[in-house]
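These notes concern the structure reproduced below.
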Amino acid sequence: MVFPVLYNWVIIIFRTCFMDMEYNYLPVWLTLDYLSDLLYVVDVIIKFNTGFLEHGIMVQERSRLNRRYLHTSEFFFDALSLLPTDLLYLWLGIHCPMVRINRFLRIPRLFEAFDRMETRTSYPNSFRLCKLMLYTFVLIHWNSCGYFALSRTIGFGVDPWVYPNITDPDFASELRQYIYSFWISTLVFTTVGDTPDPEREEEYLFMIADLLIAVLVFASIVGNVGNVITNLNNADNAFFPNHELVKSYMKTHRVNKDLQTRVNGWYQHLHINKKMTRENEILQLLPDRLRAEVAVSVHMGTLSKVTIFQNCEMSLLEELVLKLKPQVYSPREYVCKKGDIGHEMYIIKEGKLAVVADDGVTEFAVLGEGNFFGEISILNIKGNKSGNRRTANIRSIGHSDLFCLSKEDLKGVLTEFPDAKRILEEKGRQILMKMGILDESMVGVEEKKELTVSRLNEIEGKLDSLQTKLARLLAELESNTYKLRIRLEQLEKETSEWELPEVEHEEERGEKDGEANGEGEVKGDRVEGESGKKEDEPGPSKGE
Ligand SMILES: Nc1ncnc2c1ncn2[C@@H]1O[C@@H]2COP(=O)(O)O[C@H]2[C@H]1O
């Protein structure tokens with residue numbers, strides 16, 4: 001939509017004020033007019049088919065899309081901008097392009113397109129500058145059209161302020177008419193001065209309006225350019241540590257020249273090679289998952305070269321990559337010194353580092369891209385006589401780019417990925433053995449200790465689970481006893497109900513027998529006793 005809107009924005013006024021242009025190039029204008037109208041129609045069709053987000057879900061249903069667009073004020077303005085006002089040509093004549101002024105109603109669409117471009121482009125600052133230049137051009141263009149139209153109304157060449165007489169061959173051509181007007185407007189808007197003084201009221205009014213606008217334009221240009229420059233600096237500050245601050249700090253504290261040169265060299269290397277040490281800060285605004293994906297995609301190349309991570313799952317790499325801190329070392333700078341306490345290990349992203357003897361000259365080994373070091377002192381390898389102290393000096397040969405991983409972060413990752421831990425420990429053990437600082441007897445003792453501890457842990461775990469089972473069984477027993485009791489009580493009630501008539505019968509028989517034998521009371525007691533005994537016995541229930 002940028003081109004048709006921009007075309008109408010610039011050309012309608014141009015054709016209205018520069019009549020010669022309008023008369024001489026009419027077929028061109030008409031073709032471009034209807035082409036732009038066609039694009040306006042296409043834009044409306046696109047809008048009818050553009051989905052929208054509802055509760056975060058893209059709605060594509062045609063009926064809903066139509067209803068939504070039809071109910072917006074945007075549709076109202078879009079429809080107005082497409083009204084066939086060209087029919088007014090029939091009444092006003094074909095040389096009246098102002099009838100198409102309703103096409104301006106689509107200008108918000110141009111701003112919308114610019115906003116989208118600005119968020120998508122990789123060069124937002126350059127884009128902002130170009131946009132500012134375009135707005136300035138359109139403003140000067142409109143002003144030059146106004147100037148030329150006013151000059152025509154007052155009369156060409158009647159005074160030095162207006163456009164010179166067009167009968168003068170030097171000022172007759174259409175191109176000269178436009179360029180001269182544009183030049184005058186540029187002089188006014190840039191407040192350079194040297195413009196002819198106005199002589200009539202209309203000219204004064206025109207100049208006053210122009211100068212007022214010029215002040216605003218000038219202020220906005222200065223402000224915008226200032227913003228762009230500040231943004232550039234902001235981006236730089238976000239990527240790189242503030243060099244000026246460190247420089248003035250070193251000067252104030254009279255840091256020795258050699259050290260200052262080394263620090264400056266380090267800064268230069270960062271800037272020239274675009275090395276960033278503040279990646280984690282820059283990415284921290286992204287959601288965790290997205291941040292991990294970006295970091296993995298940027299550092300995958302390096303991580304895939306590191307032996308311990310070669311066959312690792314993606315989840316390990318994602319977890320790891322967010323914990324890596326980039327560091328840059330200068331030539332001959334020590335990354336760690338023998339005997340220091342180890343707090344982190346390093347992965348080499350770029351550059352070469354040497355394992356050097358204490359004399360600083362003898363090199364035991366050279367490490368390169370994808371290698372890692374510094375793991376021995378942080379891994380607690382059994383039998384390591386140097387404990388948590390560095391076993392060697394590591395010095396950067398040239399500039400080197402490293403990833404630093406802290407002891408805590410490494411531990412956290414390794415507990416979840418024991419294979420990587422095994423490889424790391426094995427490599428460390430080999431180095432320690434080569435150096436003769438691995439106490440192998442300790443390995444046995446330590447291993448036995450570890451075995452006992454692990455068995456104890458196992459037994460503890462089993463005991464725990466047995467205790468849980470026992471508690472569950474006890475609970476089940478209790479609930480079953482309770483149910484049984486309830487059941488028995490129910491049965492007692494039921495049996496007492498259906499045994500009663502039989503008891504009465506026996507009692508009656510007893511009484512009769514008693515009457516006959518003269519010992520009724522004794523019998524009655526026995527029968528009662530028997531019936532009481534029966535009540536206690538569980539009998540078949542009705543249901544059963
Ligand atoms: N001979 C060697 N070859 C490669 N790397 C070594 C050698 N000696 C020591 N290192 C590494 O240098 C590191 C120094 O710190 P650490 O002792 O923590 O861990 C050490 C190992 O990773």
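One-based numbering, in listed order, for ligands and for the atoms of each. The first residue in the sequence is number 1, and the count goes up from there. Only heavy atoms go into these numbers, but all of them, side chains included; no hydrogens, no water, no symmetry mates.
- When Gly374, Ser377, Gly339 are checked for heavy-atom proximity to atom 21 (C) of ligand 1, Gly374 turns out nearest.
- A salt bridge does not link Asp439 to Lys382: none of the charged nitrogens lies less than 4.0 Å from a carboxylate oxygen.
- Remark: distances from the non-hydrogen atoms of Lys338 to ligand 1 are all 4.0 Å or more.
- Protein heavy atoms all stay at least 4.0 Å away from atom 1 (N) of ligand 1.
- Considering only non-hydrogen protein atoms, atom 3 (N) of ligand 1 sits nearest to Ala365 CB, 3.8 Å.
- With ligand atoms numbered from 1 in the order given, ligand 1 contributes 12 (O) to contacts under 4.0 Å with heavy atoms of Ile394.
- By the side-chain contact (heavy atoms from CB on, under 4.5 Å) test, Ile378 pairs with Met345, Lys407, Leu410, sequence neighbours left out.
- In terms of protein heavy-atom proximity, atom 10 (N) of ligand 1 is nearest to Ile431 CD1, 4.1 Å.
- The number of heavy atoms from other shown groups lying within 6.0 Å of NZ (Lys411) does not exceed 12.
- For Tyr249 and His253, the ring centers sit closer than 6.0 Å to each other.
- Each of the following atoms of ligand 1 lies closer than 4.0 Å to a heavy atom of Met435: 8 (N), 9 (C).
- For atom 11 (C) of ligand 1, the nearest non-hydrogen atom of the protein is Phe373 CB, 4.0 Å.
- Nearest protein heavy-atom neighbour of atom 9 (C) of ligand 1: Ala392 CB, 3.6 Å.
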Arg429 vs Asn384, side chain to side chain donor-acceptor pair (under 3.5 Å): CA-CA, chis, key distance, verdict: CA-CA 8 Å; Arg429 227 173 271 132; Asn384 177 6; over 6 Å; no
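- Here the protein heavy atom with the shortest distance to atom 20 (C) of ligand 1 is Thr391 OG1, 3.5 Å.
- Checked against side chain to side chain donor-acceptor pair (under 3.5 Å), Tyr178 has the following partners two or more places apart in sequence or in another chain: His141.
- Comment: Arg262 does not engage Glu333 in a salt bridge, judged by the lack of any side-chain N to carboxylate O separation of less than 4.0 angstrom.
- A donor-acceptor pair under 3.5 Å is formed between the side chain of Arg395 and the backbone N or O of Gly360.
- Between Arg390 and ligand 1, at least one pair of N/O atoms sits closer than 3.5 Å.
- Listed by atom number, the atoms of ligand 1 under 4.0 Å from Glu375 heavy atoms are 18 (O), 19 (O), 21 (C), 22 (O).
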